[in-house]
There are 2 protein chains.
Amino acid sequence: MTPQREAVLAAVRSSRVHPSAEEIIRQVRTTSPGIGLATVYRSLDVLVRSGRITELRLGDGAVARYDGNVRRHDHVVCSGCERVFDVEVDLPSSVVSAAGGQVDVDIDDYDLEFRGRCERCRG
Amino acid sequence: MTPQREAVLAAVRSSRVHPSAEEIIRQVRTTSPGIGLATVYRSLDVLVRSGRITELRLGDGAVARYDGNVRRHDHVVCSGCERVFDVEVDLPSSVVSAAGGQVDVDIDDYDLEFRGRCERCRG
DNA sequence: CCCTCGTTGAGAGTGATTCTCACTCTCTCC
DNA sequence: GGAGAGAGTGAGAATCACTCTCAACGAGGG
């Protein structure tokens, strides 16, 4: 762990908004002004591979977002403002086994993303 | 609907592999050799907006894939070969309402993606 | 000290997608 | 049975998020 990687990790962990790489670099540069773009991307990659953060592809999937919460959880995305909220729901194992029963794949994980309108974006 | 859009729609509908734009253009050019790349992307956009096909972002989300099956269904992605399989599972409405109970969002849809290893990629 | 090796920052490169623009086609509407 | 308007097209440039390359740096071991 180099100071740059620590700074990136701290930025992801302290954010509540599932930040993109661009938001992370903006935050990190407030404390480490000289850090390079490539270093941030490399640090994110290292942190994802070592299980310290997770990478998310939400909504249209165009940009990667990062989550400092590595406990299993799911997301709700507002289709108006694209904000992302964490939720903890229990997917019955019968659902997973139902999926596994339909194709010859050993399922070991899943991603569940809900979509809707938040209170600000309704009406 | 122009001939180009018909050709793109036919290519997506006839494919069983959730094709990317690149795979679609390759297929479409076998019957419409002069079609341009931009036209294929524009046609895909029109078809998605009109609900005739759906766009998927699976796995790392780097490339968009398209699905001619617009009935609600979910996907299993092999983490080895990245092949995508359709499954029809029933997410209990209690799961959706549990998610909706945790955040102030009116949830109207969800995406569920399973990951695992297919029979070819095991071992 | 000095060497090695991993890491860094800058900037070029990449791949998927989108934009721009001149051109064409298909409709009206005289 | 043109004329003009508007949508759609193909080619190529542009964009965007990200990844690679490379020279320089820096900590640790001998």
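Keep in mind that what you see is a predicted model, and the values were worked out from it rather than measured.
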Could you state the [atom1]-[atom2] distance from [X] to [N], rounded to the nearest angstrom?
| X | N | atom1 | atom2 | answer |
| --- | --- | --- | --- | --- |
| A:I24 | D:dC18 | CD1 | P | 10 Å |
| A:E55 | D:dA17 | CD | P | 14 Å |
| A:E23 | D:dC18 | CD | P | 11 Å |
| B:Y41 | C:dT20 | OH | P | 18 Å |
| B:L37 | D:dT9 | CG | C1' | 13 Å |
| B:R29 | D:dG10 | CZ | P | 9 Å |
| B:I25 | C:dG15 | CD1 | C1' | 14 Å |
| A:R65 | D:dA17 | CZ | P | 11 Å |

For this session: In plain terms, say whether B:R115 and A:D111 are close enough for a salt bridge, that is, a side-chain N and a carboxylate O under 4.0 Å apart.
Result: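 Yes, B:R115 and A:D111 are salt-bridged.
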
Exercise. So does B:D86 pair up with B:R71, basic N to acidic O under 4.0 Å?
Worked result: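 Looking at B:D86 and B:R71, the cut-off is not met.
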
Exercise. For the residue pair A:H18 and A:H75, does the interplanar ring angle fall in the parallel (under 30°), tilted (30 to 60°) or perpendicular (over 60°) class?
Worked result: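 Aromatic pair A:H18/A:H75 classed perpendicular.
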
Exercise. Contact class for A:R42 (heavy atom, under 4.0 Å): base, sugar-phosphate, or nothing?
Worked result: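 Base, at least one base atom sits under 4.0 Å.
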
For this session: Verify the contact: side-chain N or O of B:S20 to OP1 or OP2 of C:dA16, cut-off strictly under 4.0 Å; return yes or no.
Result: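 So the side chain of B:S20 is outside the cut-off, no N or O lying under 4.0 Å from OP1 or OP2 of C:dA16.
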
Exercise. Taking the side chain as C-beta and beyond, is there a heavy-atom pair between B:R52 and B:V8 under 4.5 Å?
Worked result: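 No - every pair of side-chain heavy atoms lies 4.5 Å or more apart.
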
Considering only [options], which nucleotide approaches the side chain of [X] most closely?
| X | options | value |
| --- | --- | --- |
| A:T39 | D:dT9, D:dC18, C:dT8 | C:dT8 |
| B:R57 | D:dC18, C:dT8, C:dT17 | C:dT17 |
| A:A38 | D:dC20, C:dC19, D:dC18 | D:dC20 |
| B:I35 | D:dG10, D:dC18, C:dG9 | D:dG10 |
| B:E22 | C:dA16, D:dA11, D:dC18 | C:dA16 |
| B:V63 | D:dG8, C:dA16, D:dC18 | C:dA16 |
| B:Q4 | C:dG11, C:dT17, D:dG10 | D:dG10 |

Problem set entry | Polar side-chain atom of A:E23 near backbone of A:S20 as donor-acceptor pair, under 3.5 Å |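 Yes.
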
Problem set entry | First of A:R5 and B:Y66 reached from the 5' end of DNA chain C, by closest nucleotide |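 In this pair, the answer is A:R5.
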
